[in-house]
Protein chains: 2
Amino acid sequence: MALGLPSHDRRARRHEATKAEIVVAAWEVARHRGLAGLTLAEVAARVDMRVPSLYQYFASKNDLYDAMFAQGNDEFLAFLEERRAELPTDARQRLRAGFRLYFEFCTSDPARYQLLFQRTVPGFEPSPASYAKAVEVMTLLREDLARAGLVHDQEDEDLLTALSSGLVDQQIANDPGGDRWARLIDVVADMAYDHLKSKQRRKGRQGARRPAGTSTQGGPR
Amino acid sequence: MALGLPSHDRRARRHEATKAEIVVAAWEVARHRGLAGLTLAEVAARVDMRVPSLYQYFASKNDLYDAMFAQGNDEFLAFLEERRAELPTDARQRLRAGFRLYFEFCTSDPARYQLLFQRTVPGFEPSPASYAKAVEVMTLLREDLARAGLVHDQEDEDLLTALSSGLVDQQIANDPGGDRWARLIDVVADMAYDHLKSKQRRKGRQGARRPAGTSTQGGPR
DNA sequence: GTCTATATTTGGATAGAC
DNA sequence: GTCTATCCAAATATAGAC
């Protein structure tokens with residue numbers, strides 16, 4: 001932004017570009033070897049560098065994971081921004097489309113799904129900055145669902161995340177590349193829609209809107 | 001079984017007992033360090049041995065994973081056998097109870113869930129013998145559901161696995177040790193029940209029972 | 001900024017004595 | 001069956017020359 005030192009600016013820009021290239025290469029390796037199978041040697045080879053050079057861009061392997069985490073969230077954000085204009089306004093269709101969007105994004109890259117949503121990497125914890133991006137994404141999703149008049153409390157939200165991620169998980173674990181669970185997306189979305197609608201009607205009949213967390217539904221155990 | 005060489009018998013029994021001890025220790029390490037963080041050194045320390053001694057019992061680390069996989073399935077089998085006598089006969093209640101059972105088993109040991117159901121360990125593939133155990137478990141589950149008159153084709157089954165594992169996944173990933181998704185088990189089970197019942201009614205009205213895979217529901221994409 | 005060389009650690013696996 | 005000693009490979013990370 002400063003006009004003062006353009007050469008610094010250019011240098012910094014180049015630095016950032018190289019960083020981004022490395023992250024892209026890291027994702028390629030992760031997709032190929034598995035997220036936990038990522039090694040700096042293979043990343044370096046892919047960007048035509050030696051391993052020590054990577055340390056000019058990332059302080060540690062965990063730092064690289066963190067950049068991947070941030071970039072994955074950026075991708076999801078871009079993916080959502082790009083498509084949510086086309087979302088149907090009808091609530092039922094909107095929920096179906098939302099489920100399809102999430103499913104497509106997640107299953108199109110299982111390694112990314114694992115890093116962003118499953119927290120299964122050995123000792124990785126996202127930095128506050130990267131975590132903030134994840135929160136931003138969740139907030140956007142939440143808003144979209146609330147805007148459709150479908151979600152009224154955290155329980156509704158938890159229900160939808162469980163249903164959608166269940167489809168994704170089974171698809172990835174038991175039929176990678178196939179469509180066994182993809183074919184169930186609309187069915188499940190409709191189930192969720194009907195449930196939320198009838199719950200809303202029940203609440204409406206009861207008059208006053210009770211606060212969240214006082215469900216009449218008894219828990220298990 | 002043979003009466004001929006009792007000393008062999010005793011020795012073999014002891015050998016098997018030590019093997020089982022090692023597997024138990026391995027599970028403890030896996031729960032503590034994460035499934036991928038399992039190291040032979042830590043397992044050996046826990047059974048008061050040196051690493052090379054483990055090789056008297058397991059040919060490789062993957063062989064140990066395989067034994068853990070087999071034992072995990074045995075545990076699930078025992079867990080099911082022990083409790084399915086108490087399952088309600090009423091179909092709706094039976095489905096609820098089944099969801100609760102699966103949820104309890106899975107969330108009570110996330111590392112085990114990961115190895116048995118998520119296939120996320122680096123280069124691990126179960127041996128044919130261990131895989132057979134996994135199939136046996138799935139068959140038992142399938143029979144129980146079919147006996148309740150709830151599941152008629154693979155699509156029904158896939159729906160139930162998606163819903164139940166969605167709850168488990170969210171619970172483990174986003175609220176480990178808590179009950180945010182546990183509280184939704186009955187809700188989701190009832191949703192599934194209502195869906196399967198009304199699907200059955202629809203099929204009944206249409207007369208002939210159409211074969212699986214010809215759903216009128218269009219897939220996404 | 002990138003490299004060569006190297007340190008360091010760790011973890012799986014084997015040889016061979018007891 | 002268990003151990004000590006050792007090997008080997010891989011992988012992260014650093015030092016210091018260019």
Side-chain angles (χ1 to χ4, degrees), chain A residues 5 7-23 25-30 32-69 111 115 121-125 127, chain B residues 5 7-30 32-69 115 121-125 127:
Chain A
L5 300 165
S7 77
H8 277 197
D9 221 45
R10 240 174 301 155
R11 220 168 279 177
R13 227 192 290 278
R14 178 84 192 98
H15 189 81
E16 288 307 309
T18 307
K19 255 184 105 156
E21 269 178 63
I22 294 170
V23 174
W27 274 119
E28 288 169 10
V29 175
H32 198 248
R33 301 282 191 206
L35 194 57
L38 181 78
T39 68
L40 297 184
E42 208 162 343
V43 174
R46 208 170 272 261
V47 292
D48 245 313
M49 279 182 177
R50 309 301 145 211
V51 175
S53 305
L54 298 180
Y55 284 84
Q56 289 291 324
Y57 302 93
F58 301 97
S60 68
K61 190 186 178 181
N62 254 312
D63 202 29
L64 176 56
Y65 273 130
D66 194 60
M68 293 167 74
F69 182 84
L115 182 63
V121 189
F124 170 65
E125 201 78 24
S127 65
Chain B
L5 299 165
S7 77
H8 277 195
D9 220 47
R10 241 173 299 154
R11 220 167 278 175
R13 227 193 289 278
R14 180 84 193 99
H15 189 82
E16 289 308 309
T18 307
K19 254 184 106 156
E21 269 178 61
I22 294 169
V23 174
V24 169
W27 274 119
E28 288 169 11
V29 176
H32 197 247
R33 302 282 191 205
L35 195 57
L38 182 77
T39 68
L40 296 185
E42 208 162 344
V43 173
R46 208 171 273 259
V47 292
D48 245 314
M49 279 183 176
R50 309 299 145 216
V51 173
S53 305
L54 297 180
Y55 284 85
Q56 290 291 323
Y57 302 93
F58 301 97
S60 69
K61 190 186 179 181
N62 253 312
D63 202 30
L64 177 56
Y65 272 130
D66 194 58
M68 294 167 74
F69 183 83
L115 181 63
V121 188
F124 170 65
E125 200 79 22
S127 66

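All chains are named by letter (A, B, ...) in the order of the sequence lines, taking the proteins before the strands, and each is independently numbered beginning at 1.
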Side chain of Tyr65(A), backbone of Leu35(A): donor and acceptor closer than 3.5 Å?
yes
Gap between atoms CZ and P, on Arg50(B) and dG11(C) respectively (whole Å)
16 Å
Roughly, in whole Å, what's the span from CG in Asn62(B) to C1' in dG11(C)?
14 Å
Pro52(B) has a side chain; which of dA13(C), dA5(C), dT14(C) sits nearest to it?
dT14(C)
[X] near the nucleic acid: base, sugar-phosphate alone, or nothing, with a heavy-atom cut-off under 4.0 Å?
| X | value |
| --- | --- |
| Ser53(B) | base |
| Leu64(B) | nothing |
| Ser60(B) | sugar-phosphate |
| Leu54(B) | nothing |
| Tyr57(A) | sugar-phosphate |

Chain B vs DNA chain D, heavy-atom contacts under 4.0 Å, first-to-last nucleotide span, 5' to 3', is dG1(D) to dA5(D)
Distance col, row His32(B):NE2 vs Trp27(B):CH2, nearest 0.5 angstrom, shows 16.0 Å
If the condition is ring pair (Phe, Tyr, Trp, His ring centres under 6.0 Å), which residues does Tyr57(A) pass it with, not counting sequence neighbours?
His15(A)
Test Leu64(B) against Leu40(B) for side chain to side chain contact (heavy atoms under 4.5 Å, CB included), laying out the working first.
CA-CA 9 Å; Leu64(B) 177 56; Leu40(B) 296 185; 4.0 Å; yes
Is the closest side-chain heavy-atom distance between Thr18(A) and Met49(A) below 4.5 Å?
yes
Is it true that atom CD of Glu125(A) has more than 12 heavy atoms of other residues, nucleotides or ligands lying nearer than 6.0 Å?
no
Which comes earlier along DNA chain D counting from the 5' end, the contact point of Val51(B) or that of His15(B), where each point is its nearest nucleotide?
His15(B)
